[in-house]
Amino acid sequence: MALIPYDDTDSAAFAATRELPRSGLQRWRHAVQQHLRPRTGATVLDVGAGTGAWATAFTDWFGVRVVGVEPAGAMRSRATHRPLLAGDAVALPLRDGTADAAWLSTVIHHVPDLDVAARELRRVLRPGPAAGRRRHRHRPGRRPPRPAGAALSHPGRAGSRWRR
């Protein structure tokens with residue numbers, strides 16, 4: 001899945017320079033709550049969980065069970081959050097219909113086939129609103145924003161597509 005192999009050197013560099021500290025994550029709490037609407041006892045899938053920072057925050061903030069999925073062993077070894085499974089967005093190591101919601105943060109650019117990933121999310125998610133999304137709209141006459149990610153529009157419905 002990863003364009004960067006995230007070996008020990010890369011995972012250490014990520015932890016030192018790119019991982020958001022807990023205080024930085026706190027600013028996201030309200031936005032996540034508004035869009036994912038997590039409820040106590042729900043199961044949230046964190047795809048591309050990295051070192052588990054989001055998974056740990058969601059567990060603490062919302063009382064949800066978070067199952068992290070991360071392809072890089074070096075990233076998993078730095079994480080304290082459990083469960084954190086080996087796997088990636090195009091081959092999720094979960095049974096059908098086992099998660100209530102999905103979170104994908106700074107991972108889309110590592111996914112080699114977005115259509116396959118969308119089908120995998122649809123497979124493991126229970127029916128209903130399920131995926132955190134971020135979308136940019138381009139206004140004529142203005143420079144388009146730099147893509148910060150992609151969005152999955154309701155993966156539980158037929159015809160859902162990734163958007164950039």
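Residue numbers count from 1 along this sequence.
- What you find for Pro93 and Ala86 is that their closest heavy atoms are CG-O, 3.4 Å.
- Hydrophobic clustering of Ile, Leu, Val, Met, Phe, Trp and Tyr side chains at less than 4.5 Å, counting indirect connections, keeps Leu84 apart from Val66.
- Minimum heavy-atom separation, Ala117 to Val90: N-CG1, 4.1 Å.
- Contact detail for Ala49 and Gly68: the closest heavy-atom pair is CB-CA, 3.9 Å.
- With a 4.5 Å cut-off on side-chain heavy atoms, Leu121 and Leu104 count as touching.
- A donor-acceptor pair is defined here as one N or O able to donate and one able to accept, closer than 3.5 Å; such a pair exists between the side chain of Arg76 and the backbone of Glu70.
- No donor-acceptor pair under 3.5 Å is formed between the side chain of His81 and the backbone N or O of Thr59.
- Of all the heavy atoms in Ala89 and Val47, the pair that sits closest is CB-CG1, 3.7 Å.
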Between Asp46 and Phe58, is the side chain to side chain contact (heavy atoms under 4.5 Å, CB included) condition met? List the steps. CA-CA 10 Å; Asp46 182 0; Phe58 287 3; over 6 Å; no
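- Here CG of Asp60 is found 9.0 Å from CZ of Arg29. Values are rounded to the nearest 0.5 Å.
- Under the 4.5 Å side-chain criterion, counting only non-hydrogen atoms from C-beta, Thr98 is not in contact with Thr43.
- Here the CZ atom belonging to Phe62 is positioned 10.0 Å from the OG1 atom belonging to Thr40, to the nearest 0.5 angstrom.
- Distance check: Glu120 CD to Arg123 CZ gives 4.0 Å after rounding to the nearest 0.5 Å.
- Closest of all the heavy-atom pairs between His110 and Thr106 is CD2-O, 4.0 Å.
- Put simply, CZ on Arg82 and OG1 on Thr56 are 9.5 Å apart, with the number rounded to the nearest 0.5 Å.
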